[in-house]
Amino acid sequence: DTAVSQTPKYLVTQMGNDKSIKCEQNLGHDTMYWYKQDSKKFLKIMFSYNNKELIINETVPNRFSPKSPDKAHLNLHINSLELGDSAVYFCASSPSGRELFFGEGSRLTVL
Amino acid sequence: RKEVEQDPGPFNVPEGATVAFNCTYSNSASQSFFWYRQDCRKEPKLLMSVYSSGNEDGRFTAQLNRASQYISLLIRDSKLSDSATYLCAVPNSGGYQKVTFGTGTKLQVIP
């Protein structure tokens with residue numbers, strides 16, 4: 001009965017590959033987010049969706065494409081992976097756009 | 001000035017000590033503020049919200065200083081289990097539900 005769940009938790013892949021991360025929340029929240037936490041631990045917002053509609057896109061490269069099939073799901077697809085994409089990607093949901101509830105994170109390593 | 005700024009630390013304190021962290025924010029229109037706790041290799045978890053009157057929860061007290069645009073987190077009687085990184089988060093005041101995090105302050109409580 002995990003509130004915000006992400007898969008996979010770990011991802012190791014080669015440069016140039018394409019990969020996806022999936023996120024689901026069972027909290028009934030309208031807003032979902034993708035955050036990236038790099039090696040310096042800085043947590044930076046990437047995207048936000050409200051009820052399936054993209055509302056925040058923080059100048060993320062076009063190689064990153066989020067998709068929200070319904071308000072409980074938010075996926076992230078990354079094309080042509082680069083070394084600098086190595087990070088922990090956190091999905092989060094929010095009832096109000098203020099307090100966030102995070103998934104456990106997906107640790108991506110690009111070799 | 002960065003949107004949200006924190007001293008990265010680490011703060012090394014003995015068990016039983018009182019420790020305080022500050023977090024400065026640049027948007028004077030911000031209305032709500034939050035503290036999160038992040039353990040090593042885990043997701044951030046909501047610790048406390050900070051509203052204009054402050055907030056107290058057991059050994060933890062969060063306060064807001066609007067004039068100087070900072071929030072603080074005070075931990076009394078530190079426990080070993082308080083060792084973690086403490087992140088402040090500031091939702092923007094507009095309608096786009098963007099939540100910006102500080103870089104976090106690392107606390108290490110020493111026996």
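All figures in this text were calculated on a predicted structure; none of them were measured in a lab. Here is the naming used below: chain letters follow the sequence lines, and residue numbers restart at 1 for every chain.
For B:Tyr36, the part lying under 4.5 angstrom from a heavy atom of chain A is the side chain only. In this structure, chain A has a heavy atom under 4.5 Å from the side chain of B:Ser32, while its backbone stays farther away. For A:Phe90, the part sitting under 4.5 Å from any heavy atom of chain B is the side chain, from C-beta outward, and nothing else. Heavy atoms closer than 4.5 Å to chain A are found nowhere in B:Gln31, neither backbone nor side chain. For a residue to count as touching a neighbouring chain, one of its non-hydrogen atoms must lie under 4.5 Å from one of that chain's; by this rule A:Ile45 touches chain B with the side chain only. Looking at B:Phe34, only its side chain comes within 4.5 Å of chain A, counting heavy atoms on both sides.
Side-chain atoms of B:Gln63 never come within 3.5 Å of backbone atoms of B:Val50 as a donor-acceptor pair (strictly under, hydrogens ignored).
Looking at A:Ser94 and A:His29, their side chains never bring a donor and an acceptor atom within 3.5 Å of each other.
Ring geometry, B:Phe11 versus B:Phe21: the interplanar angle exceeds 60°, so the pair is classed perpendicular (tilted spans 30 to 60°). Taking the six-membered ring where tryptophan is involved, the planes of B:Phe101 and A:Phe102 are perpendicular, since the angle between them exceeds 60° and thus also 30°.
With respect to chain B, the highest number of heavy-atom pairs below 4.5 Å among A:Lys40, A:Glu58, A:Lys44, A:Lys41 belongs to A:Glu58.
Residues A:Asp85 and A:Arg63 meet the side-chain proximity criterion, which asks for heavy atoms closer than 4.5 Å.
Here B:Asp39 pairs with B:Arg37 in a salt bridge; the nearest charged N to carboxylate O distance falls below 4.0 Å.
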